[in-house]
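One structure is given below, encoded as structure tokens.
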Amino acid sequence: MTDFKPKSEFLVTLKERGFIHQCSDFEGLDALAAKGKAIAYVGYDCTASSLHIGNYISIMMLYWLQQSGNKPITLMGGGTTRIGDPSGKDETRALRSIEEIDANKAAIRTVFSKILTFGDGASDAVMIDNADWLTKVNWIDMLRDVGRHFSVNRMLSMDSVRLRLEREQEMSFIEFNYMIAQSYDYVELARRAGCNLQMGGSDQWGNIIMGVDLGRRMGTHQLYALTTPLLTTASGAKMGKTAQGAVWLNAEQFSPYDFWQYWRNTEDADVGKFLKLFTVLPMTEIRRLEALQGSEINEAKKALANAATELLHGKAAAEAAAETARTTFEEGGAAAGLPTVEIDGAELARGLGVLAVFVKAGLVPSNGEARRQIQAGGLRVNDAVVGDPTAVLKPADAINSGAIKLSFGKKKHVLLRPV
RNA sequence: GGGGGAAUGUCCCGAGCGGCAAAGGGGGCGGACUGUAAAUCCGCUGGCUACGCCUUCGCAGGUUCGAGUCCUGCUUCCCCCA
């Protein structure tokens, strides 16, 4: 792929921004995309109530697809989630209830419209749910029409299956069928919507390519496959994990402020890569930011945080997060935009123990942890290190804004507001 | 069907003569150094009304002053033989 020189705007953009890992046929796809005839889908599991940063990459691919005049399809896995994708997992996850899947689906779908334009136009995005057909298939028909095209020998050699078998880890029949369902989805989308490209993470390569094969056997038009590299940080960690868990895209589960902070804390070596993948800043600007050295890299990190947050949560939210960060970290103040926890004013008047306060604020999980952190000098009230675990907070501790600023470590701050 | 192993601090791996809140890693968190980075160094990594109390070693019983450790039954997983 390194020697391939794409001509279409779509592939040129994807290539220069580092989205491409593997493609089934660069030339063929390039020709299609150049004519604005690429109709691409990405499937999203409904295993959680929000998508996370890993999914964000694929949404960005759909974004660039749409920007270049092609058509994106977001496929909700309302049907496939009932089966459970074995790819990249050591063991079977608990099956989710149908109610849970539907609830997740409803929560997830809102995020796409922030980045893609939906509608009836030629390059407008559409959303489709594979429950529409997967829940209706007849087993015998399925076996005769679709199943006969699958070689079990080949299925056993797929990474998602083979790795499980090699490690002697259990794999149930239902999971074994996942790739069939996903392959069938591709064919169904080709027939229903003229879809001709499926994109996804590199762990999906096997599933996608099986769909391409199935399409050929079942007589669809030519199908294509395109995957993104598995993203890790420069120091080798999987991307998207923080102390609180995954980096979610829904604001309710991961606030714009936290989202901004996530990017602001990017490792130096990753800034350029992330700018290309997670922002729509022009390449000329990205090259300038990438070239910064030493502490100047902080400018690039702020640009990254601003641009990524703006794209997902909007300009106002991004600016608010940036301003909160500025007053908190650059002035050492207590910005009003910090996460706020309300407490009963009467309770505060009676006096609240520091231990309980930090637990109440959600900064530490237990009194014991609070104690340990005090030992280590990790807790601060209004920027003063807490040295005494028996200290008590009173209304008089509230500073100018009427709130008390609690800090855990250098980066986590919460305002405690009496009401 | 027969025989032999294994399950440990609910993040993971993993030691554990009958006195154990339980070795050691990894990961994570905090501190120092920096630039809200990385690397490095140091500390912490069951709960509580905290010089004490409570709950943890697959599940349920038993022996014992005392059980992760011994006995019995059960569950799950692995290996060998048929």
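Quick note on labels: first sequence line is chain A, next is B, and so on, each numbered from 1.
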Give one of base, sugar-phosphate or nothing for A/T266, where a contact means two heavy atoms less than 4.0 Å apart.
sugar-phosphate
Tell me what A/W263 touches on the nucleic acid: a base, only sugar-phosphate, or nothing, going by heavy atoms under 4.0 Å.
nothing
A/S8 pairs by side-chain hydrogen bond (donor to acceptor under 3.5 Å, both in side chains) with which of A/D30, A/N70, A/T13?
A/D30
Please name the nucleotide paired to [N] by Watson-Crick or G-U wobble geometry with both distances under 3.5 Å, or report none.
{"N": "B/rU34", "value": "none"}
{"N": "B/rA6", "value": "B/rU76"}
{"N": "B/rG1", "value": "B/rC81"}
{"N": "B/rC70", "value": "B/rG62"}
{"N": "B/rA50", "value": "none"}

When you compare [N] with [M], how far apart are their [atom1] atoms, in angstrom units rounded to a whole number?
{"N": "B/rU8", "M": "B/rA22", "atom1": "C1'", "result": "9 Å"}
{"N": "B/rA7", "M": "B/rG16", "atom1": "C1'", "result": "15 Å"}
{"N": "B/rA60", "M": "B/rG4", "atom1": "P", "result": "26 Å"}
{"N": "B/rG68", "M": "B/rU55", "atom1": "C1'", "result": "15 Å"}
{"N": "B/rU45", "M": "B/rC11", "atom1": "P", "result": "15 Å"}
{"N": "B/rC33", "M": "B/rC41", "atom1": "C1'", "result": "9 Å"}
{"N": "B/rG61", "M": "B/rC53", "atom1": "C1'", "result": "27 Å"}
{"N": "B/rC48", "M": "B/rU10", "atom1": "P", "result": "14 Å"}

Using a cut-off of less than 4.0 Å, is there contact between a side-chain N or O of A/K411 and OP1 or OP2 of B/rG31?
no
Does a side-chain N or O of A/K410 approach OP1 or OP2 of B/rG31 to a distance below 4.0 Å, or not?
yes
What's the [atom1]-[atom2] distance between [X] and [N], to the nearest Å?
{"X": "A/L292", "N": "B/rA38", "atom1": "CG", "atom2": "C1'", "result": "17 Å"}
{"X": "A/Y262", "N": "B/rA37", "atom1": "OH", "atom2": "C1'", "result": "13 Å"}
{"X": "A/K302", "N": "B/rA37", "atom1": "NZ", "atom2": "P", "result": "13 Å"}
{"X": "A/E267", "N": "B/rG35", "atom1": "CD", "atom2": "P", "result": "18 Å"}
{"X": "A/I374", "N": "B/rG31", "atom1": "CD1", "atom2": "C1'", "result": "15 Å"}
{"X": "A/Q261", "N": "B/rA37", "atom1": "CD", "atom2": "C1'", "result": "13 Å"}
{"X": "A/Q293", "N": "B/rU34", "atom1": "CD", "atom2": "P", "result": "20 Å"}
{"X": "A/R371", "N": "B/rC29", "atom1": "CZ", "atom2": "C1'", "result": "18 Å"}

Under 3.5 Å, is there any donor-acceptor pair linking the side chain of A/N367 to the base of B/rG47?
no
Polar pair under 3.5 Å, donor/acceptor by atom type, side chain A/E369, base B/rU45
no
Heavy-atom closest pair (A/I39 atom, A/I73 atom, distance to 0.1 Å) is CG2-CD1, 3.7 Å
Pair [X] + [Y]: basic N to acidic O under 4.0 Å:
{"X": "A/K273", "Y": "A/E267", "answer": "no"}
{"X": "A/D397", "Y": "A/K394", "answer": "no"}
{"X": "A/R372", "Y": "A/E369", "answer": "yes"}

Minimum-distance nucleotide to [X] side chain [options: [options]]:
{"X": "A/K301", "options": "B/rU36, B/rC29, B/rA37", "answer": "B/rA37"}
{"X": "A/K412", "options": "B/rC29, B/rG35, B/rU36", "answer": "B/rC29"}
{"X": "A/S366", "options": "B/rC48, B/rU45, B/rG35", "answer": "B/rC48"}
{"X": "A/N265", "options": "B/rA38, B/rG47, B/rU36", "answer": "B/rU36"}
{"X": "A/R372", "options": "B/rC29, B/rG47, B/rG35", "answer": "B/rG47"}

Would you kindly compare A/G409 and A/N298 by the position of their nearest RNA chain B nucleotide and give the one closer to the 5′ end?
A/G409
Closest-nucleotide mapping onto RNA chain B: is A/G378 or A/R326 further toward the 5' terminus? I mean the 5' end.
A/G378
Chi-based syn or anti call at B/rC13, which uses purine or pyrimidine torsion atoms and a 90° bound
anti
Is the ring pair A/F4/A/F26 parallel, tilted or perpendicular, if the boundaries are 30 and 60 degrees?
parallel
Are A/S295 and A/N298 linked by a side-chain donor-acceptor pair shorter than 3.5 Å?
no
Polar side-chain atom of A/S68 near backbone of A/L65 as donor-acceptor pair, under 3.5 Å:
yes
